[in-house]
Every structure is written in C-alpha cells, then in structure tokens.
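Here the structure is a predicted model, which is why all the values come from computation and not from measurement. Counting begins at 1 with the first residue of the sequence. Just follow the structure's listing: the first ligand is 1, and inside any ligand the first atom is 1.
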Amino acid sequence: MKKILIAEDNDSNYLLMTYILKGHYEFSHATNGQEAVLKALAERPDMVLMDLKMPVMDGLEATRQIKSQMPNLPVLAVTANAFDNDRQRAMDAGCCDFISKPVNAAECLKIIAKYI
Ligand SMILES: [Mg+2]
C-alpha cells in the first residue's frame, strides 16, 4: 500500500482525510510545515497532502523545502481558498496539483490516483 504524509494542523480536517484514505493508502501525520519537512525526509512517503495554512512554517515554504530535496515527490496542495492566485502560489512552490476544502472524497482519491 502506498503511503501518504498528511500535513494538516486542524484535527477535524485531519480526521476527515483519514476517513477518505483509509483502506486505500497508508498515512502518517504532520501538524505543521516544519514537521512535514522532517517527516517527508525521514519517512519517504509516496505523496504529501499539504495544507497551505499551518503554524511554525506554512505549506508553501514546507513544499519548497521538500521539493528542493525530493524533487520527484508529488505534493498536493489542500487549501480553504480556491482563488486563482493561491493556486498559482502553490504551483510556484512546487505543488503538482490542488484541492479545495471542504475536501470531496471521490475528487480527492481521483486526484491522488493521477500521481501515485
Ligand atoms: Mg491549516
């Protein structure tokens, strides 16, 4: 089973993600951007789901740092803001794609399956 690192600081959003991924993927959890970078390097997941708004280090900076060391690791941006400039900033930081909150289960699984 492929493994996904979920970087999400909000407990209920993380719980929703686990319900969506359960049975399809293994997963682990980071609660801020700095932890996401450390866990990505240590655990070598197949994909990262990256909340863009997190404490300590935001998802954009975490994505840049992860991609500088693991350029082939797909990072999927997850954000509450569906505005075009947020999407562009996520792509500029190195994210492969983008999903908006509230996350739709079918859409989420479909996008993940495009990359891993
Ligand atoms: Mg957040």
Side-chain angles (χ1 to χ4, degrees):
M1 203 175 270
K2 300 216 170 176
K3 187 170 172 182
I4 296 179
L5 173 61
I6 305 168
E8 171 61 65
D9 64 307
N10 179 283
D11 284 344
S12 49
N13 289 339
Y14 171 70
L15 200 60
L16 172 62
M17 280 298 186
T18 67
Y19 287 134
I20 293 170
L21 299 182
K22 202 168 279 180
H24 301 279
Y25 300 98
E26 286 180 19
F27 46 82
S28 59
H29 187 199
T31 57
N32 64 62
Q34 193 169 64
E35 196 185 345
V37 174
L38 294 174
K39 287 200 167 177
L41 295 172
E43 298 176 0
R44 304 266 151 183
D46 296 290
M47 186 176 215
V48 180
L49 297 190
M50 184 71 79
D51 178 28
L52 294 185
K53 231 182 153 189
M54 289 189 292
V56 185
M57 180 193 292
D58 71 21
L60 292 173
E61 179 58 24
T63 298
R64 282 185 211 104
Q65 293 196 14
I66 289 169
K67 294 297 285 189
S68 74
Q69 308 222 39
M70 304 174 74
N72 296 322
L73 174 61
V75 178
L76 178 62
V78 183
T79 182
N81 297 320
F83 299 112
D84 277 351
N85 65 326
D86 290 324
R87 184 182 184 131
Q88 191 56 53
R89 286 167 68 210
M91 296 304 175
D92 291 346
C95 293
C96 61
D97 217 324
F98 181 98
I99 52 174
S100 302
K101 293 176 187 173
V103 174
N104 172 279
E107 184 196 359
C108 182
L109 290 172
K110 193 174 162 189
I111 291 179
I112 292 169
K114 270 173 70 178
Y115 297 96
I116 63 174

Test: salt bridge (Lys or Arg N to Asp or Glu O under 4.0 Å). Region: residues 60-75. Which pairs qualify, not counting sequence neighbours? E61-R64
Run D92 and R89 through salt bridge (charged side-chain N to carboxylate O under 4.0 Å, His left out) and show every step you take. CA-CA 5 Å; D92 291 346; R89 286 167 68 210; over 6 Å; no
Quick one: sort the F27 and Y14 rings into parallel, tilted or perpendicular, breaks at 30° and 60°. perpendicular
Side chain to side chain, K2 and I112, heavy atoms closer than 4.5 Å: no
Within a radius below 2.8 Å of the Mg ion (ligand 1), how many protein N, O or S atoms are present? 3
Above 12 or not: heavy atoms from other molecules or residues under 6.0 Å from CD of Q34? no
Is there a side-chain contact between R44 and M70, using heavy atoms and a 4.5 Å cut-off? yes
